[in-house]
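Quick caveat, the model's predicted, so the values are computed rather than measured.
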Amino acid sequence: MSLSVAVILLLFSYYNILCISAEPINEASTALLKWKASLDKQSQSLLSSWVGNTSNPCHDNWLGIDCSAESVVISIKIQHSNLTGTLDDLDTCSLPNLESFDLSFNSLHGVIPSNIGNMSRLKYLGMSGNYFSGIIPSEIGMLQSLDMLYLTGNCLTGPIPDSIGNMTNLIVVFLSENALTGLVTNNIGNLRKLICIDFSENDLTGVIPSSIGNLTNLAHFYLNQNHLSGYIPPELVGARDLKDLQIGHNLIMGTIPATFRNFSSLETVRLSDNRLSGMIPDYFSNYTNLKALGLAVNQFSGPIPPALGKITPLVILSFIMNNLIGSIPQDMNLTNMEIFEVGYNMLVGRLPHDICVSGNLIHLGASNNFFSGRVSKSLKNCSSLQRVRLDGNQLTGNISEDFGIYPELNYIDLSNNNFYGEVSSNWGHCPKLTSLRISNNNLSGDISKDIGRATKLVELYLSSNRLVGKIPKSFARLSSLTNMYLDGNKLSGTLPSELGYLYNLEELSLAKNDLTGPIDKDLGDCSKLRSLNLSGNKFDGVIPMNISKLEMLESLDLSENNLIGSLPSQLGGLKILQILNMSHNNFIGSIPSSFTEMLSLTVVDVSFNQLEGPLPKMRVFEEAPAEALGHNKQLCGNKTGLDCPIQGRNQGKKKKVSTVILIMLPTLGCFLLIFFGVIFFHLRKRNRNDTNRTHVTESNPFTIWSYDGKMMFESVIEALKDFDSQYIVGVGGHGTVYKAEMSKKVFAVKKIHKAEDGETQNLRSFKNEIRVLTKIRHQNIVKLYGFCSHSRHSFLVYEFLSGGSLRNVLNHMEQAIKFDWEKRLMAIKGIANALSYMHHDCSQPIIHRDLSSNNVLFDLDWVAHIADFGIARLLEPDSLNWTSFAGTFGYAAPELAYTMEVNEKCDVYSFGILTLEVIMGKHPRDILTSPQDMVCWTEILDQRLAPTEEHIIEQVKSLVEVAFSCLDTNPRSRPSMKDIALGFLGDAKRINH
């Protein structure tokens with residue numbers, strides 16, 4: 001023992017004697033009442049039984065208090081009660097006989113006081129699940145009677161104190177899920193009674209101390225998710241009774257020590273996500289009790305050792321993403337296997353024969369290897385299967401014969417193999433199936449109509465096979481379907497109108513088949529469609545007008561068909577369409593001028609038609625390559641050389657006269673209207689009281705006059721030339737955004753779409769945005785300068801953010817690269833802070849309800865601003881329901897599909913989607929249906945960005961975890977935006993709790 005520690009203990013002993021001499025029960029009651037008074041009112045109400053200085057906590061049933069036979073307080077236990085306050089005013093000197101002190105899972109904050117060391121008889125200390133911060137005081141080492149220490153799930157920082165080595169009676173120590181730094185103290189080896197150590201999910205560095213081998217009673221050892229380096233100490237074998245070893249997600253290198261062969265009690269070994277190398281030791285076969293083996297994300301090489309197959313009770317085998325080469329031995333005894341995962345390796349040979357002999361297999365994952373041959377016959381009757389991934393191999397066999405009916409199956413991916421046979425009725429008898437993926441195989445025959453019985457299907461991928469026949473009408477029953485890919489087959493017949501019943505469908509691809517007849521108008525009822533690809537078929541007739549109803553459409557491909565007629569002008573209503581391909585058809589006439597309203601359009605191809613006339617005046621046509629416009633009748637106006645012909649002089653004069661008349665008449669009318677409007681406006685202005693006058697200044701030409709909003713707007717109309725389309729910079733669901741330069745400043749003007757039925761949703765949205773923006777001020781929320789509510793025009797004027805929307809940045813290669821990891825972290829932080837402010841810091845919580853990448857705007861310094869509050873609402877007491885769905889599909893919380901209960905957790909869900917979108921560089925729809933534990937976070941990072949510093953990557957990794965916690969299907973399990981925002985300030989470990 002060091003001299004300093006000895007001195008501390010000596011002083012402690014002296015002080016403690018004074019405490020004991022002061023004892024009796026009135027001292028304890030006084031101390032507890034003083035602490036109660038320091039808590040918030042709700043906590044004081046909870047402790048209402050703690051009353052009066054004359055009250056006896058042992059005889060008067062004080063909540064959470066237990067006493068000895070001698071009426072001495074020996075236990076305080078108050079859990080899960082939302083106690084809020086600190087321990088600063090707790091007089092530990094008056095509680096010298098306390099043996100158990102448990103305040104777990106409350107809302108206590110502040111530091112753990114150093115006088116905790118006064119409780120010399122304490123055996124149980126529980127403070128998990130609070131908000132304690134600061135360091136663990138070294139005085140905690142004075143609790144030499146303590147046998148259980150629980151500090152998990154707080155905000156503690158700093159090192160694990162060396163003095164913990166003095167607590168020689170400790171049996172259990174839990175310090176996980178904090179932000180502890182520094183080394184794992186070598187003094188841990190002094191605690192020879194320890195059975196369980198959990199230091200996981202911190203920021204610990206250095207090596208695993210060799211003194212850990214002194215802990216001969218150690219059964220559970222958790223150091224996962226830290227920054228530990230070095231090697232696995234061979235001395236660890238001293239803990240011969242070790243059952244659970246978890247040191248994954250660190251930086252540990254080297255090989256698994258040879259001394260590990262002496263372990264006989266191991267049940268779980270998780271070494272995943274390290275830098276381990278070498279061969280997988282064959283002595284793992286000695287672990288007769290092994291239930292879980294995780295060696296994922298390392299650098300192991302060589303084959304899986306044959307002796308490993310002797311482990312009959314194996315439950316989890318995971319070698320994901322290693323560099324394993326070789327085959328799985330066919331003599332492996334896998335009869336008790338529940339989860340078998342060897343995906344993303346370089347394994348060869350056949351899958352084990354008896355992988356599901358006993359029918360216990362739940363999860364089979366062997367994707368992206370080099371497996372060949374047929375799958376095990378035992379799989380056909382493996383009724384326990386829930387998830388199967390065999391994609392990306394060279395497997396073969398008759399899919400109709402080798403796979404059966406699985407009552408528990410929810411996900412199966414057999415894509416990119418050499419399977420043959422038919423899409424049998426078996427899959428329709430899997431009642432829990434949500435994802436069926438069998439693309440890129442050699443399937444043939446008709447698609448069984450019984451597929452329509454799998455009513456929980458969300459994804460159906462049957463692309464690139466040899467399927468024939470018609471699309472079954474029974475697909476109408478697949479009301480949950482979001483993605484259907486049948487492209488690259490030989491399907492025939494007409495498009496069934498029953499597809500219009502798939503109201504949740506977001507992506508539909510029927511490309512490269514032999515489908516005929518007209519495009520069914522009922523497709524327009526699939527209102528959530530984002531991508532529609534009908535190219536490479538034999539469709540004829542005209543484009544149905546109902547296609548223009550697909551307002552969520554982002555990609556439309558009708559190329560390589562026999563379509564005729566003109567392009568409908570109504571297609572201009574597809575405001576967020578990005579890709580349009582109409583090539584290789586027989587369209588005639590001109591391209592409608594309404595196409596200029598498709599401001600999101602970035603790719604267009606109208607080649608190989610009979611189109612003529614001038615191209616719409618928009619960048620996508622002006623910058624389109626010649627091959628995307630060529631082989632038409634007489635298109636003109638493109639910069640690549642399609643010049644419009646010069647017309648005859650007389651004809652030109654006639655057209656000029658007509659044009660002048662058409663321009664002058666409405667212009668004259670507008671001037672008269674404005675003239676009388678200005679006179680009327682100034683007459684009213686003169687009658688106003690001087691105290692209500694607001695003058696327009698050059699520095700700030702807009703001022704909010706009153707809540708119902710009337711402001712001078714001649715300058716807006718003049719700057720925008722009566723809302724000329726040349727000033728449009730964006731179009732949203734409720735209005736069009738213009739860029740206006742006035743008084744040497746630039747503003748964004750959002751003109752609200754005209755309503756057709758009086759007080760409609762657009763006007764309500766307009767008033768709602770005013771109501772919200774006039775109540776809030778935050779650096780990450782767009783600033784409102786003024787507004788105008790008028791029968792002619794209704795618009796908002798707010799700051800112009802020239803950096804564009806998050807969506808446009810991510811979709812633009814050059815911009816996406818400039819949007820590096822540091823800027824992305826800053827953007828997510830800004831969004832989190834803004835939402836936290838709206839939810840928790842406003843007098844009434846404000847719910848945005850439509851957070852998406854379109855509604856996040858940047859300034860020139862890459863500062864993110866939340867915009868578009870058109871459907872936001874103030875969350876008033878007893879007013880949680882909304883009368884209709886609102887939001888952006890793909891971002892809206894799932895509960896809004898079946899309930900209109902609106903609360904702040906709807907925004908939290910959208911924030912989770914948005915965070916993943918920033919990290920991935922695209923919408924995360926591809927991974928939303930996969931379980932979180934099956935998503936490898938390193939694979940979803942935006943590959944357009946170069947690698948960055950390790951500490952940045954660690955922050956990104958933490959954000960992935962936060963994002964998934966926001967996507968919990970139970971809204972109550974999602975974190976609050978306040979917790980998330982605090983996480984950026986060093987409180988990240990609290991976010992997921």
Side-chain angles (χ1 to χ4, degrees), residues 104 112 125-130 132-138 140-141 143 146-233 235-236 238-239 242-252 268-274 294 954 957-958 961 986-990 992-993:
S104 302
I112 298 175
L125 178 58
M127 295 184 176
S128 296
N130 282 283
F132 289 114
S133 57
I135 64 171
I136 301 173
S138 60
I140 203 168
L143 303 179
L146 200 69
D147 51 35
M148 293 189 180
L149 174 61
Y150 293 93
L151 300 178
T152 290
N154 282 285
C155 315
L156 299 171
T157 57
I160 299 171
D162 288 339
S163 62
I164 200 171
N166 300 321
M167 305 164 71
T168 53
N169 283 306
L170 269 181
I171 298 173
V172 173
V173 54
F174 276 73
L175 306 180
S176 59
E177 300 176 44
N178 282 286
L180 299 174
T181 56
L183 308 177
V184 179
T185 175
N186 197 54
N187 289 356
I188 200 76
N190 298 338
L191 311 181
R192 296 175 182 269
K193 292 183 180 181
L194 271 179
I195 295 176
C196 182
I197 298 175
D198 188 355
F199 295 164
S200 61
E201 297 187 50
N202 280 288
D203 296 312
L204 300 172
T205 56
V207 302
I208 301 173
S210 59
S211 64
I212 208 78
N214 298 336
L215 308 182
T216 55
N217 293 310
L218 192 63
H220 306 279
F221 188 34
Y222 306 107
L223 287 177
N224 46 296
Q225 297 190 49
N226 279 285
H227 306 289
L228 299 171
S229 55
Y231 304 89
I232 300 175
E235 293 85 355
L236 184 60
L242 196 63
K243 294 181 179 180
D244 195 352
L245 173 63
Q246 299 196 30
I247 56 176
H249 298 272
N250 281 288
L251 305 171
I252 298 169
T268 303
V269 177
R270 295 187 185 275
L271 309 178
S272 303
D273 201 351
N274 278 290
E954 284 300 317
K957 179 181 178 182
S958 296
E961 297 175 358
D987 199 16
K989 301 299 180 182
R990 285 288 308 154
N992 291 317
H993 301 279

Assess whether side chain to side chain contact (heavy atoms under 4.5 Å, CB included) is satisfied between N226 and T205, documenting all intermediate values. CA-CA 7 Å; N226 279 285; T205 56; over 6 Å; no
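- Distance check: Q225 CD to I247 CD1 gives 13.5 Å after rounding to the nearest 0.5 Å.
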Begin from the C-alpha positions of L194 and I171 and carry the test side chain to side chain contact (heavy atoms under 4.5 Å, CB included) through to its verdict. CA-CA 4 Å; L194 271 179; I171 298 173; 5.7 Å; no
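- In this structure D244 satisfies the side-chain contact (heavy atoms from CB on, under 4.5 Å) test together with H220, Y222, Q246, T268, sequence neighbours excluded.
- Side-chain contact between D147 and V172: absent, with no pair of heavy atoms (C-beta onward) separated by less than 4.5 Å.
- The two residues G165 and L191 make their nearest non-hydrogen contact at O-CD2, 3.6 Å.
- Counting heavy atoms from C-beta on, the side chains of N214 and R192 come closer than 4.5 Å.
- Here K957 pairs with H249, D273, W937, E954, E961 under the side-chain contact (heavy atoms from CB on, under 4.5 Å) rule; sequence neighbours left out.
- Checked against side chain to side chain donor-acceptor pair (under 3.5 Å), S133 has no partners two or more places apart in sequence or in another chain.
- For the pair I164 and L170, the minimum side-chain heavy-atom distance is below 4.5 Å.
- Atom CG in L183 sits 12.5 Å away from atom CD1 in I188 (nearest 0.5 Å).
- Residues L218 and A239 come closest through the heavy atom pair CB-CB, 4.0 Å.
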Check step by step if side chain to side chain contact (heavy atoms under 4.5 Å, CB included) holds for I112 and I135. CA-CA 8 Å; I112 298 175; I135 64 171; over 6 Å; no
Audit row: N169, K193, side chain to side chain contact (heavy atoms under 4.5 Å, CB included) steps and yes/no: CA-CA 6 Å; N169 283 306; K193 292 183 180 181; 2.8 Å; yes
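- Under the 3.5 Å distance criterion, the side-chain polar atoms of S163 are matched with a main-chain donor or acceptor of S138.
- When side chains are defined from C-beta on, L228 counts as touching L223, because their heavy atoms get closer than 4.5 Å.
- Interatomic distance, I208 CD1 to N250 CG, rounded to the nearest 0.5 Å: 7.0 Å.
- In the model, S104 has no side-chain atom that pairs as donor or acceptor with a side-chain atom of S128 under 3.5 Å.
- Proximity of a side-chain donor or acceptor of N224 to a complementary backbone N or O of S200 within less than 3.5 Å is not detected.
- Closest heavy-atom contact between S210 and P233: CA-CB, 4.2 Å.
- Summarising the geometry, atom CG belonging to N130 is positioned 11.5 Å from atom OG1 belonging to T152; distances are rounded to the nearest 0.5 Å.
- If you take CG on D203 and CG on N178, they are separated by 10.0 Å, rounding to the nearest 0.5 Å.
- Checked by atom type and distance alone, the side chain of N154 pairs as donor or acceptor with a backbone atom of F132 at under 3.5 Å.
- Contact of the Y231 side chain with the V207 side chain is not registered, since no non-hydrogen atoms from C-beta on lie closer than 4.5 Å.
- The structure places SG of C196 at 6.0 Å from CG of D198, a figure rounded to the nearest 0.5 Å.
- Taking the side chain as every heavy atom from C-beta outward, F221 and L242 approach each other to under 4.5 Å.
- For N217, the side chain to side chain donor-acceptor pair (under 3.5 Å) test picks out no residue, with sequence neighbours left out.
- Side-chain contact between V173 and L175 is present, with at least one heavy-atom pair separated by less than 4.5 Å.
- Between F199 and L180 the shortest side-chain heavy-atom distance does not fall below 4.5 Å.
- Identified under the ring pair (Phe, Tyr, Trp, His ring centres under 6.0 Å) test for residues 146-182, with sequence neighbours left out: Y124-Y150, Y150-F174.
- For T185, the side chain to side chain donor-acceptor pair (under 3.5 Å) partners at least two apart in sequence or on another chain are D162.
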